[in-house]
Amino acid sequence: MDPSQWIDVVEDKFKYQLDHFVIPGHYSEDVESILIPHGLIMDRISKLAQLITSEYDNERVVVCCVLKGGHQFFSDLVNYMKKALNKQGKTLPITLDFIRVKSYENDKSSGQVHISMTDKELQELRGKNLLLVEDIIDTGKTMKKLLETLGRYELKSVKVASLLVKKTPLSCGYIPDYVGFAVPDLFVVGYCLDYNDIFRDLDHICAISEVGKTKYSV
């Protein structure tokens, strides 16, 4: 996706005070600011669903959630895609699947990518159209390794939709096919993006505070 087609979240412009929105009280000291309010997230996902669906024909698409962080984006995106129309002006046949990919510990990439699907499960994707749904592309290395693995299984097509891409100098240059927002080089949480499995119950996308990092480190 061309950068002109996504929303660029600039920290000094998209930095909402916590008391302007409803957040769980137990996180009052754990996040610094709200970067993307929940309502804006939902409107953007609705638009992405229209764009994605309009680029497919009548063939069935396997929409695959990258767990765990991607599951809320996945759920909302699929709900909107069910109502959207494809190239032929028809609803799109969809099959759902799930894959777990882990590369983070605390706020750092471990450098190792662990994929949950077995070889037999990956073989079953042969000849199919696959849409991977991810929460955030950070350096891009994890997704590149996943796509390299999938490339060995002769899928008909593979596309990636990511709610967020991080503007980081550590990026390998990978850009997904569909992007919701580009976010500053901060560790963001909320809307099921986690820090050691914490903050999945926070609706807005926020910047974690140093207090939060310390409190929930492992």
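- Applying the side chain to side chain donor-acceptor pair (under 3.5 Å) criterion to His20, with sequence neighbours excluded, gives no partner residue.
- The pair Lys213-Glu210 meets the salt-bridge criterion, since a charged nitrogen lies less than 4.0 angstrom from a carboxylate oxygen.
- When side chains are defined from C-beta on, Tyr80 does not count as touching Leu48, because their heavy atoms never get closer than 4.5 Å.
- Applying the 6.0 Å contact sphere to NZ of Lys90 captures no more than 12 heavy atoms from other residues, nucleotides or ligands.
- Taking both residues in full, the closest heavy atoms of Asp57 and Leu92 are given as O-CD1, 3.3 Å, listed atom of the first, atom of the second, then distance.
- Here Lys120 pairs with Glu124 in a salt bridge; the nearest charged N to carboxylate O distance falls below 4.0 Å.
- Arg126 contributes no side-chain N or O that, together with a main-chain N or O of Leu155, makes up a donor-acceptor pair within less than 3.5 Å.
- Around atom NZ of Lys167, more than 12 heavy atoms belonging to other residues, nucleotides or ligands sit under 6.0 Å away.
- For the pair Asp203 and Ile41, the tightest heavy-atom approach, listed with the atom from each and the gap, is O-CD1, 3.9 Å.
- For Glu29, the CD atom is loosely surrounded, since the number of other residues' heavy atoms within 6.0 Å does not exceed 12.
- Under a hydrophobic-cluster definition in which Ile, Leu, Val, Met, Phe, Trp and Tyr are linked whenever side-chain heavy atoms come within less than 4.5 Å, directly or via other members, Val188 and Val10 are assigned to different clusters.
- Side-chain polar atoms of Asn129 and Tyr56 form no donor-acceptor pair below 3.5 angstrom.
- The aromatic rings of His38 and His204 sit perpendicular to each other, their planes meeting at more than 60°, with 30° as the lower class boundary.
- Taking a 6.0 Å sphere around NZ of Lys156, one finds it holds 12 or fewer heavy atoms contributed by other residues, nucleotides or ligands.
- Side chain of Ser75 to backbone of Gln72: no donor-acceptor contact under 3.5 angstrom is found.
- Residues satisfying the side chain to side chain donor-acceptor pair (under 3.5 Å) test with Lys159, not counting sequence neighbours, are Tyr178.
- Considering only heavy atoms from C-beta on, Asp76 comes within 4.5 Å of Tyr191 through its side chain.
- The closest side-chain donor-acceptor pair between Tyr153 and Asp119 falls under 3.5 angstrom.
- A distance-only check finds a donor-acceptor pair linking the side chain of Ser54 to the backbone of Leu51 [under 3.5 Å].
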